There are 2 protein chains.
Amino acid sequence: MQDAPKKRRKRPPLSPEGIETAALALINREGLAGFSMRKLGAELGCEAMSLYHYYPSMGHLMDALIDRIARQYLPMPPASLPWRERLRAFCIRWRAVALANPGFFGFLATHRMNTPTALRAIDGVIALIREGTASDEEAARLFRALGYYLMGAGLDETAGYSRGPSTVAPVPAAEMARDYPAVTAAAPWFAPAAREATFLMGLDAFLDGWLGARGQPGV
Amino acid sequence: MQDAPKKRRKRPPLSPEGIETAALALINREGLAGFSMRKLGAELGCEAMSLYHYYPSMGHLMDALIDRIARQYLPMPPASLPWRERLRAFCIRWRAVALANPGFFGFLATHRMNTPTALRAIDGVIALIREGTASDEEAARLFRALGYYLMGAGLDETAGYSRGPSTVAPVPAAEMARDYPAVTAAAPWFAPAAREATFLMGLDAFLDGWLGARGQPGV
DNA sequence: TCGAGCTGCCTTACATCGTAAGGTAGTGAC
DNA sequence: GTCACTACCTTACGATGTAAGGCAGCTCGA
């Protein structure tokens, strides 16, 4: 009755590359809550436990995913551009990667990023910032504060206070207009189509404010 | 053998108030991953299922916690202060509440906030911002962009890329200095003691930049 | 006084989760 | 031939959220 006389090679062998690609795809499709080792195994045509041959635990897999996302932040904008343009371009890429990984970004934002690639990417960004700032201190603080903005922006557009899960039913429009007039007045500019402009306005305001109050040696 | 002849009233009866207080305390003490309905029950001296008498599901409990945190954002700074000072004071309180709820903030930042109290708080902030801006559009965009900064700052100081969990062992100092020189140079200003100043510098830079490029009618 | 209904909490059970422990089939070396 | 090794699977365990139903004590109308 053996219809597969030899070893069943019905699928390509597993590999970290394939596992991580499938994991990211699954997370971005189903959301973080919809992810599990068993579902990932099913996706890949193997048992959940087979994945433990490649990663000691799910946490290690997740760290590998962080590493993989961080890889997209390694290449720096061309040095021919003015410094501020380079920094701006990096921030825009940050947002694009976040939007491309909506399911995973919530995880990334709430977990430590100390994999080798993530550290290299962070090091690269700090070095870039250092070029246009007057001291190590200013570079450190600008990196941090700019990071706050970028982290919050990515989160908001993927899983934040307006898009994340909730058990509460959405408030009907009529009640909304009556009880929350300020929210209602602002709502048109909360639409997804308005988000890119808001992101850029905030980014430029932040850079203007930070660099304007200082000597801006790098501009 | 019954040592408790009548009904055992060895603890006060359950209540939403008590459940939510215990839940927040547990989450802030053990972290989000260390929280479960059974552990919360144990903390309160009841079974996990007893909690379902007060909340249809754990998600509803979590939404109640969001509502409870949002309550702390309802009172607005005194109207006697200049507009910008009021906005600034609100942002500082935002950070304080985040720091007071380190375990829960990671949840709050990645979930929808549409409970009644949260909506009222958001409405209040937008109304405050509207006072000092020239249009509904500007108020909406400033609220959003400022929210990015605040969300990222709270996250970073409670669960973010430098404090969250990870399976990767911390990089030794020697290797750090050799492979990540920019991070090493910046490290002194990444220390917890430096964070408040960084937060305020970023906040003021952002407000300067946003308001400076415009008419600043409210200042 | 008596039950009927209600409130508050508990018991049991189930599907799903991460993963520890160990097995097994195929492959290459000698 | 057999030995070691790689790649993957099987089984099992404890923990989780929660559906379904039970049960004891209170309140209230008759």
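Residue numbers begin at 1 in each chain, while the letters A, B, ... track the order of the sequences. Keep in mind that what you see is a predicted model, and the values were worked out from it rather than measured.
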Distance in angstrom units between [X] [atom1] and [N] [atom2], rounded:
| X | N | atom1 | atom2 | value |
| --- | --- | --- | --- | --- |
| A:L51 | C:dC17 | CG | C1' | 14 Å |
| A:Y52 | D:dT10 | OH | C1' | 15 Å |
| A:L14 | D:dC8 | CG | P | 4 Å |
| B:E47 | D:dG17 | CD | C1' | 15 Å |
| A:M49 | D:dA7 | CE | P | 16 Å |

### Task
Would you check if the distance from the ring center of B:Y148 to the ring center of A:Y149 is below 6.0 Å?
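Ring centroids of B:Y148 and A:Y149 are less than 6.0 Å from each other.
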### Ring center gap for A:F105 and A:W94 short of 6.0 angstrom
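Yes, close enough.
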### Query
Quick one, which residues of residues 53-69 of chain B touch DNA chain C with a heavy atom under 4.0 Å?
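Nucleic-acid contacts, sorted: B:H53, B:Y54.
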### Query
Residues from residues 23-43 of chain A sitting under 4.0 Å of DNA chain C, heavy atoms only?
A:S36, A:M37, A:R38, A:K39
### Task
Find the distance between CE (B:M201) and CZ (A:R141) and round it off to the nearest 0.5 Å.
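If I round to the nearest 0.5 Å, the distance is 5.5 Å.
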### Query
Does the side chain to side chain contact (heavy atoms under 4.5 Å, CB included) test come out yes or no for A:L32 and A:M62, once each step is laid out?
CA-CA 11 Å; A:L32 252 187; A:M62 290 307 213; 3.9 Å; yes
Mind checking ring-ring contact (aromatic ring centres under 6.0 Å, His included) for [X] and listing every partner two or more places apart, or none if nothing turns up?
| X | answer |
| --- | --- |
| A:W189 | none |
| B:Y55 | none |
| A:F143 | B:F190 |

### Task
Could you pull out all residues at least two apart from A:H53 that satisfy side chain to side chain donor-acceptor pair (under 3.5 Å)?
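A:H53 satisfies side chain to side chain donor-acceptor pair (under 3.5 Å) with no residue once adjacent residues are dropped.
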